[in-house]
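Scope of the values below: all heavy atoms of this structure, side chains included, with no hydrogens, waters or symmetry mates.
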Amino acid sequence: MPAVGIRPASPPSHRSGRRGLVGVLVTALAAALLAVVPATQAQAAPVLLSQGKPVTASSQEHYGTPATAAVDGDDGTRWSSAASDPQWIRVDLGAPASLSRVELRWEAAYAKSYRIETSPNGTDWTTAHSTTTGAGGTETVNLSGTARYVRMLGTVRATPYGYSLWEFKVYGTTGDDPGPVTPGGDLGPNVHVFDPSTPGIQAKLDQVFREQESAQFGSGRHAFLFKPGTYDNLNAQIGFYTQIAGLGLSPDDTTINGDITVDAGWFNGNATQNFWRGAENLAVKPVNGTNRWAVSQAASFRRMHVKGGLNLAPNGYGWASGGYIADSRIDGQVGNYSQQQWYTRDSSIGGWSNSVWNQVFSGVEGAPATSFPEPRYTTLGTTPISREKPFLYLDGGEYKVFAPAKRTDARGTTCTTWASGTPRGESIPLSKFYVVKPGATAATINAALAQGLHLLFTPGVYHVDRTITVERANTIVLGLGLATIIPDNGVTAMKVADVDGVRLAGFLIDAGPVNSPTLLEIGPQGASTDHAANPTTVQDVYIRIGGAGAGKATTSMVVNSHDTIIDHTWVWRADHGEGVGWETNRADYGVRVNGDDVLATGLFVEHFNKYDVEWYGERGRTIFYQNEKAYDAPNQAAIQNGTTKGYAAYRVDDSVDTHEAWGLGSYCNYNVDPNIRQDHGFKTPVKPGVKFHSLLVVSLGGMGHYNHVINDTGASTVPAGTSTVPSTVVSFP
């Protein structure tokens, strides 16, 4: 077979079955014991300081093993030296830091004798640790003292080869350590809270819309929160980076007699760039009976009750390119009209009109029956596993975050509990959250997490100079108003430990100009814990490389933890905006799944230089996938994958025995070189346990073409010419 991309450094472990009763009891006992231990107050919690920092070495073995590979956070890259003694690698932390430990992840060629040395200036060195019995593998060296420079000086090799480190990690604290973090507090300047008696609501809505209507890559971030009650004669037009939500425990607690509108006047009636916005937890009774919500990617419509119809097309019925509805009730008909693709989950609708390319439903009462390829409806009676997104609400005068319970084989909304006011789940007071506001540092955020707090990001843009590390089970990280995290110095923006029940929701990660090896990691490489009873969820978490400025990342999202649920994400290498070009915003891989039993509901991944999605884990499932290949490939050679033309939009590794996916589409628009050919949109092993349903590929106006849909199956798009007619496969194999 042709080249199939870069595998993880070591093959992910696959579970042949679930843990036994003993393991469950041990875990339950440990959880019970931990529950009675109070959270400690973090005093200068150590953090990883070395990742992405300047690094030098005495030598390197060859061009593929530079010193930078030992501080890039990627366990699959390494530094190796020449085969002689002594050799060293040195990292500059950028400022004096209080050191706590060094971790050395050795490759097979390790040091038998070495020293860890520190320096304030890179010239005068002090020995902090010395050994002549190095064991290789992963070694942890505890340190104390303050220094800016740290180096490993190898004096005796354990093998005939040089010194080789997968990772050289330095932990400690810098002078910006905040000490104990104060939880709770107000919601900051960009959260606008209304009650029915608030004057000037419409004026405020209009003001923000004027600012945000066309601010596709601007820095403004806003959340409109409506206290329970009835609001008359409002037209809330929702622009970029704007969220509108009710503060009741039920959507019907907050009713807007008016409209919540997204249209495309700013883009001449074309809604294909109406990204990054959301509506949640409200009832709306449209003025003319139908509410207009003409959006494309990264625009969620959750926990909404529309007392009428819902129109998904812009005024004039120009193009629109995708969207997402979950846990919502639309009393009337949903008018799909010009929407190219759409996913609706666990909802109730009065009907659905029209299909274009890829309309998918799971657990939706009132959904049309499966009829793919014409009309292009793919319908699953239930959603295998779902757990709704956490949301902020008011309990009397106190803010709380409600974390809904997990459902299996879900169908319809959670509305049976809306009426009673007692939804299944947990309420957590804001006093258990660190309310993150613009200007907060990664050191403060990590200190809050170490202190046992959840995170509530208020609307804003947050630069982080170190990885946000979520290590405690059941932690909630919730963003309002599309809060945006930008990693500096090539660090990974966020990592989640291999623990139960973490919930990430409602924020955007924007790649920085220095290449990050990853932007979001769920679980470390080799994660092995069973999380079936309490999975980690990733909901309305969006990733962007370029567009707002030059950004780079090798792999955007890596999912190592088993049982993770990815519920509505858009992972996007920008095709327009600032900092865009084949190498300018280089990003080879979109989403890589190593964990077993991972479920994706509403997966949007686009424009990566190589593979958009790679799946290594067993028993993975995807319900709805939308993809466009990279527009800006300069020529055929740039995407040549061994003997294969192009990299698949969605690839299941040959090692996988069980996988299933429904409702997948890949589109090409090679506007730099329309002569480019993709051999296929999807690549998979042919095995009894691997099944695909309702697939399509389409050439947009003849700008490049696919030879097949999946593997060597499915008709070429070439005969369609410029007519933009999809090629479909109902099932494979």
> Are Glu103 and Arg105 within salt-bridge range, i.e. N to O under 4.0 Å?
Replying inline: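 No, no charged N to carboxylate O under 4.0 Å.
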
> Below 4.0 angstrom, N of the basic side chain to O of the carboxylate: do Arg586 and Asp588 qualify?
Replying inline: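 Looking at Asp588 together with Arg586, the answer is yes, because their closest N to O distance falls below 4.0 Å.
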
>> Evaluate Trp572 against Phe275 for ring pair (Phe, Tyr, Trp, His ring centres under 6.0 Å), listing each step before the verdict.
In response: CA-CA 11 Å; Trp572 185 60; Phe275 312 138; 5.8 Å; yes

Going from [atom1] on [X] to [atom2] on [Y], what distance comes out if it is rounded to the nearest 0.5 angstrom?
X      : Y      : atom1 : atom2 : value
Leu519 : Ile486 : CG    : CD1   : 11.0 Å
Leu455 : Tyr434 : CG    : OH    : 8.5 Å
Asn489 : Asn515 : CG    : CG    : 12.5 Å
Lys432 : Ile476 : NZ    : CD1   : 11.0 Å
Leu225 : Glu280 : CG    : CD    : 10.0 Å
Asp567 : Arg503 : CG    : CZ    : 11.5 Å

Answer yes or no: is there a donor N or O on one side and an acceptor on the other, between the side chain of [X] and the main chain of [Y], under 3.5 Å?
X      : Y      : value
Gln243 : Gly481 : yes
Thr68  : Pro66  : no
Ser516 : Ala553 : no
Gln51  : Arg466 : no
Ser300 : Gly278 : no
Asp488 : Val491 : no
Asn594 : Asn560 : no
Glu521 : Met494 : no
Asn446 : Thr467 : yes
Arg387 : Ala403 : no

Whether [X] engages the ring of [Y] as a cation-pi pair (distance to the six-membered ring centre under 6.0 angstrom, angle to the ring normal within 45°) should be assessed.
X      : Y      : answer
Arg157 : Tyr110 : no
Arg592 : Trp615 : no
Arg221 : Tyr241 : yes
Arg544 : Trp276 : yes

Find out whether [X] and [Y] are in side-chain contact, i.e. whether some heavy atom of one side chain is under 4.5 Å from a heavy atom of the other.
X      : Y      : answer
Gln539 : Arg302 : yes
Val436 : Ile445 : yes
Thr146 : Leu99  : no
Leu187 : Leu456 : yes
Ser556 : Phe608 : yes
Leu430 : Val435 : yes
Ile485 : Phe507 : yes
Val538 : Ile565 : no

> What pairs meet the salt bridge (charged side-chain N to carboxylate O under 4.0 Å, His left out) rule with one or both residues in residues 444-459, with sequence neighbours excluded?
Replying inline: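 Pairs touching residues 444-459 that pass the test: none.
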
> Could you go step by step and tell me if Tyr462 and Thr484 meet the side-chain contact (heavy atoms from CB on, under 4.5 Å) rule?
Replying inline: CA-CA 6 Å; Tyr462 300 86; Thr484 302; 6.0 Å; no

>> Using the rule given for side-chain contact (heavy atoms from CB on, under 4.5 Å), can you reason through Arg78 versus Thr65, listing the C-alpha separation, both sets of side-chain angles and the distance that settles it, and then say yes or no?
In response: CA-CA 6 Å; Arg78 63 187 176 94; Thr65 59; 4.1 Å; yes

> Can you check side chain to side chain donor-acceptor pair (under 3.5 Å) on Thr564 and Ser561, steps first, answer last?
Replying inline: CA-CA 6 Å; Thr564 300; Ser561 287; 4.9 Å; no

>> Could you go through Trp125 and Leu153, starting from their C-alpha distance and side-chain angles, then the distance that decides it, and tell me whether this counts as side-chain contact (heavy atoms from CB on, under 4.5 Å)?
In response: CA-CA 11 Å; Trp125 294 94; Leu153 175 64; over 6 Å; no

>> Going by salt bridge (charged side-chain N to carboxylate O under 4.0 Å, His left out), name the residues that satisfy it together with Arg472, two or more places apart in sequence or in a different chain.
In response: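 Testing Arg472 for salt bridge (charged side-chain N to carboxylate O under 4.0 Å, His left out), a comparison that skips the adjacent residues, returns none.
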
Does [X] have any side-chain hydrogen bond (donor to acceptor under 3.5 Å, both in side chains) partners at least two apart in sequence or in another chain, and if so, which?
X      : result
Trp106 : Glu139
Glu167 : none
His576 : Gln216, Gln273

> Going through the checks in order, is the side chain to side chain donor-acceptor pair (under 3.5 Å) test met by Asn585 and Arg573?
Replying inline: CA-CA 7 Å; Asn585 63 328; Arg573 175 182 168 266; 3.3 Å; yes

Does the side chain of [X] pick up a donor-acceptor pair with the side chain of [Y] at under 3.5 Å?
X      : Y      : result
Asn190 : His222 : no
Asp498 : His531 : yes
Asp74  : Thr518 : no
Thr77  : Asp72  : yes

> How far apart are the closest heavy atoms of Gly547 and Ala574, and which atoms are they?
Replying inline: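 It is N-CB, 3.5 Å.
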
> Looking at Ala442 and Asp465, what are the two nearest heavy atoms and their distance?
Replying inline: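 Taking every non-hydrogen atom into account, CB-OD1, 3.8 Å.
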
> Mind checking whether His454 and Phe433 have parallel, tilted or perpendicular rings, split at 30° and 60°?
Replying inline: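 Taking Phe433 first and then His454, their aromatic rings sit tilted (interplane angle of 30° to 60°).
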
> Angle class for the Tyr114/His129 ring planes (parallel below 30°, perpendicular above 60°, tilted otherwise)?
Replying inline: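 Aromatic pair Tyr114/His129 classed tilted.
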
> side chain to side chain donor-acceptor pair (under 3.5 Å) between Asn534 and Asp563: does it pass, once the steps are laid out?
Replying inline: CA-CA 8 Å; Asn534 187 11; Asp563 306 293; over 6 Å; no

Donor-acceptor contacts, no H, no angles, side chain residues 55-64, under 3.5 Å, sequence neighbours left out:
residue : atom : partner : partner atom : Å
Ser58   : OG   : Gln87   : OE1          : 2.5
Ser58   : OG   : Trp88   : N            : 2.9
Ser58   : OG   : Trp88   : O            : 3.4
Ser59   : OG   : Ala82   : N            : 2.9
Ser59   : OG   : Gln87   : OE1          : 2.8
Gln60   : NE2  : His62   : O            : 2.8
Glu61   : OE1  : Ser80   : OG           : 2.7
His62   : ND1  : Gly64   : N            : 3.0

